[in-house]
Every structure is written in structure tokens, then in C-alpha cells.
Amino acid sequence: MKNIFRLMLLSLCAVAFVACSDSEDYNADTAVTPYEPVPGRRMVAQVKTTNTLDGRTYSWEHNFSYDAQGRIKEINSNFVHYRKIPFDGVVRVYKCIITSQANYYFRGDELSVEYSVSKEYPDYPDWNTRENGKNKGFFNEDGVLTSFLSLDLVYSKMQLSKAHADGGHIYVPYRDVLGNVTGYQTRYNNDDDKDSIVLDRSVDFKYGYNKNNTNFDFSGYFGYWGLEKAIPAIATEYYAYYQLTAFGMMGSTSSYLPLAQLARDKDGKPLTDDSGAPLYLYGRWEFDSNDCPISFVDGSGRKTEIRYVE
């Protein structure tokens, strides 16, 4: 009931987006909140991921700006996607250009994120859309979110242990002995209060020995936590219009940089090597003279480039 009531309030505010704006009388540099970014880290200005499929290049670009206290203030994103439409046995492909903006507002224990998203189809403008809205959440005294939109979050100290979503779904992140997120399980809460596993991605990712010395958690950005799938306004993984896990708002982030991913076939079944052991595909990081990551090509060939605030 609590989540239903919260969603009704958020929906009403999204309809009156301009009137509900948090931008009036708000000063990002002096705003007070229990949330604090990890200190002493190099601040990422942009991440851009590209991938070539069927001869077409998909791209996901996020540009970040921060307030005087180093908290994320605004994200401007540009994506190039392709929409496949089957018709009379023929699949037609249409290019889609997506632009979005997300603005963060910290007011005590409340977090509000206002967003706008536009989708343009150069070859089919009748499909063009534009939407905006606002999502809210609340921090506890430790500065981590206990709720956001339809999610209720449970922690063990500063580590997220599970997230309850509407409809009975539960997202459980898994970690290695060093605290790095190795994946997640999606579970469903049955009537007998016993959880059944819907999707198991708990050991899909491995890490190398390079510490993450940036303010941005790549395991969150790459979707290892699974939580993006539970927030419709955010969409999933690289499409996330704003990055809550990547900026540490949902608890402790991964300390090291991810390196390998479990190989799966087209049906999602894990692949094995000649000895029958799980097959992992290893990626490759490149670093600058300050030992900060500037690019990563994962095991599937997808490339992510990183730029920093100067």
C-alpha cells in the first residue's frame, strides 16, 4: 500500500512537472543532505560506450556536472539506438536518437531527480516522443537511499543486501570477498513467504587487481547490480538516464575495476571451456599517467571511454 500511495503522488507530480519543479529557490552548492560522495576520488566528466552490432554502431554517452561539494548535479545523455520492426516477414531497422537530462536536488533526507527524455526517428518522425517527470527517494542518516520510487532498500551496514520492488520482485546483489559486485539474483516473493529465483546472474562478473580511483562505480554503470531494471523511468544499464548505484547512493560500491564476464549463449545459458569450467570473457583496460582508467573493452567487444573533470 505504501508503494502504491507513493507512486500515485509521483504520477501526479510528473503530470504537473513544471509546477512541481524543485529548481526554485534551490542552491546546489549549499544544499544539506546526509549523502556524501566518496572523498579523494578523481571526478569523471563523461563516459561513452559504443558497440557495433549487425554493422550498426550503438552509442551511450553521459556527461556529468557536479556541485561545490562534489555531488552529482546534472547528467546530460545522448544515445544512438536502432529500432527493429518486423513487417510481412521483413525486419526493418530505424535509427533512434535519444537525448535526456537529469537534475538532482538534495533537500535534507530527500532526493528528487527531475528528468526529460526525447526520442527522434530521422526516417520516421511520427514516432518522435518527449516525456518528463520527477522521481523521489529518501536517505537514512548514513547517507544511503532507503527508498526510491517503487524500491525499498535494505542494508547490512553500508552494503545493499536486497531491494524490494513492486509486484513482489526482489533484487539481491552478490559480492566477492573484497566487496566487488559480481552480479545479482532476481527473486519473487511467493505467498508462503519463500523466495523463488527468477533470474540468476550472481557470478557473472570477475574483477582484476586495479583499484577504482574514480568517483564513478563501473559495476553500477554496466548493470551488475540489476536495480536499473526495477526503475522504469531509468530504463536499463547503459540507457539509465541517471546513475544512482554508480554514484554510491545505494551503498558501498565496488572497490576494483571489473575485468571479465561469464559467457552465455543466445538463450542465456552459461558456456563452459574444454574442462567443463565456466567460460569467462576477459576485457582490457587502458590507463593514463595517473593510473586512472581511460578506456575499457569488455569481453564482448563493447568499448567504454572515460574523460575527467580538469
Side-chain angles (χ1 to χ4, degrees), residues 35-49 60-66 69-73 75 77 102 104 111 113 137 139 142-145 148 151 153 155-163 171-184 201-202 204-231 234-261 283 285 287 291-296 298 302 304-309:
Y35 163 72
E36 296 180 1
V38 179
R41 299 286 186 89
R42 194 171 181 189
M43 297 172 70
V44 172
Q46 181 191 86
V47 291
K48 182 176 182 179
T49 299
W60 303 261
E61 177 187 298
H62 301 277
N63 298 281
F64 309 122
S65 61
Y66 303 90
Q69 300 182 55
R71 300 171 303 208
I72 186 64
K73 180 171 67 175
I75 301 180
S77 304
Y104 290 73
L111 169 68
V113 185
F139 295 109
D142 293 322
V144 294
L145 288 168
F148 190 82
L151 286 177
L153 303 121
Y155 296 86
S156 175
K157 296 182 179 179
M158 289 293 288
Q159 283 191 355
L160 180 68
S161 57
K162 62 177 63 175
Y171 294 81
V172 180
Y174 279 73
R175 298 175 184 260
D176 61 22
V177 294
L178 297 176
N180 303 303
V181 176
T182 60
Y184 66 95
R201 294 288 188 269
S202 57
D204 271 38
F205 304 99
K206 290 185 175 184
Y207 290 73
Y209 298 102
N210 294 108
K211 275 205 165 186
N212 182 10
N213 51 11
T214 78
N215 69 328
F216 188 77
D217 181 49
F218 292 93
S219 72
Y221 171 61
F222 292 148
Y224 298 179
W225 299 49
L227 298 179
E228 296 86 353
K229 302 179 188 302
I231 307 177
I234 297 182
T236 62
E237 299 159 359
Y238 302 109
Y239 286 100
Y241 304 134
Y242 42 96
Q243 304 280 337
L244 301 176
T245 54
F247 286 109
M249 296 186 193
M250 293 183 173
S252 300
T253 56
S254 300
S255 299
Y256 288 78
L257 296 174
L259 189 62
Q261 63 189 70
W285 286 94
F287 301 86
D291 290 327
C292 291
I294 55 175
S295 72
F296 177 58
D298 70 16
R302 186 163 35 197
T304 298
E305 299 173 285
I306 305 103
R307 294 175 51 216
Y308 294 94
V309 175

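Keep in mind that the numbers below use all heavy atoms, side chains included, and drop hydrogens, waters and symmetry copies.
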Heavy-atom nearest pair, Gln243 first then Tyr104, reads N-OH, 3.3 Å

The ring pair (Phe, Tyr, Trp, His ring centres under 6.0 Å) partners of Phe247 (sequence neighbours excluded) come to Phe64, Phe216

Hits for ring pair (Phe, Tyr, Trp, His ring centres under 6.0 Å) against Tyr155, two or more places apart or cross-chain, chain-then-number order -> none

dist Leu244:CG -> Asp217:CG (nearest 0.5 Å) comes out at 12.5 Å

Ring pair (Phe, Tyr, Trp, His ring centres under 6.0 Å) filter on Tyr35, not counting sequence neighbours, yields Phe106, Phe139

By side-chain contact (heavy atoms from CB on, under 4.5 Å), Thr245 pairs with (sequence neighbours left out) Trp225, Leu227, Glu228, Met250

Residues Ser156 and Ser161: closest non-hydrogen pair is N-OG, 4.2 Å

The reported gap from OG in Ser77 to CD in Glu61 (rounded to nearest 0.5 angstrom) is 8.0 Å

NZ of Lys48 to CZ of Arg307, rounded to nearest 0.5 Å, is 10.0 Å

| What's the verdict on side-chain contact (heavy atoms from CB on, under 4.5 Å) for Phe205 and Val181, showing C-alpha distance, side-chain angles and the deciding distance? | CA-CA 8 Å; Phe205 304 99; Val181 176; over 6 Å; no

Evaluate the side-chain proximity of Ile75 to Asn63: yes if any heavy-atom separation is below 4.5 Å, no if none is. no

For Arg71, the side-chain hydrogen bond (donor to acceptor under 3.5 Å, both in side chains) test, sequence neighbours excluded, returns Asp67

For Leu259 and Gly208 the tightest heavy-atom approach is CB-N, 3.7 Å

- Message: Measuring only between side-chain heavy atoms, which start at C-beta, is Val44 closer than 4.5 Å to Val309?
- Response: no

Separation between CG (Leu178) and OH (Tyr256), nearest 0.5 Å, reads 5.5 Å

One should read off an interatomic distance between Asp291 CG and Arg42 CZ, to the nearest 0.5 angstrom, of 10.5 Å

With side-chain contact (heavy atoms from CB on, under 4.5 Å) as the criterion, how do Gln159 and Arg175 come out once you've worked through the C-alpha distance, each side chain's angles and the decisive distance to 0.1 Å? CA-CA 10 Å; Gln159 283 191 355; Arg175 298 175 184 260; 3.5 Å; yes

Q) With a 4.5 Å heavy-atom cut-off, do Leu257 and Pro293 have their side chains touching? A) yes

Thr49 (side chain) donor-acceptor with Thr304 (main chain) under 3.5 angstrom: no

Value for OG (Ser65) from CE (Met43), rounded to nearest 0.5 Å, stands at 9.0 Å

Quiz prompt | Modelled atom types, side-chain donor and acceptor of Asp204 and Tyr184, under 3.5 Å | solution = no

ask   = Distance only, no hydrogens: is a donor on one side chain within 3.5 Å (strictly under) of an acceptor on the other, for Thr214 and Tyr308?
value = no

Note, Asp176 side chain near Lys206 side chain (heavy atom, < 4.5 Å): no

> How far apart are the C-alpha atoms of Tyr207 and Thr182, what are their side-chain angles, what is the distance that settles it, and do they pass the side-chain hydrogen bond (donor to acceptor under 3.5 Å, both in side chains) test?
Replying inline: CA-CA 8 Å; Tyr207 290 73; Thr182 60; over 6 Å; no

Closest non-hydrogen contact found for Ala102 with Val113 is CB-CG1, 4.1 Å

task = Take Leu111 and Met249 through the side-chain contact (heavy atoms from CB on, under 4.5 Å) test and state the conclusion after the steps.
result = CA-CA 10 Å; Leu111 169 68; Met249 296 186 193; 3.7 Å; yes

Sequence neighbours excluded, the answer for side-chain contact (heavy atoms from CB on, under 4.5 Å) partners of Phe296 is Phe222, Trp285, Asp298

Exercise for the section: Under the side-chain contact (heavy atoms from CB on, under 4.5 Å) rule, what do Leu153 and Leu160 come out as? Steps first, then yes or no, please. Expected result: CA-CA 7 Å; Leu153 303 121; Leu160 180 68; 3.7 Å; yes

Check: Asn213 and Cys292 side chains under 4.5 Å, non-hydrogen atoms: yes

Next on the checklist: Between Phe218 and Ile306, is there a side-chain heavy-atom distance shorter than 4.5 Å?
Outcome noted: yes

Heavy-atom nearest pair, Ser254 first then Ser219, reads OG-OG, 2.9 Å

Looking at Glu36, I want to see if its CD is surrounded by more than 12 non-hydrogen atoms of other residues, nucleotides or ligands under 6.0 Å. no

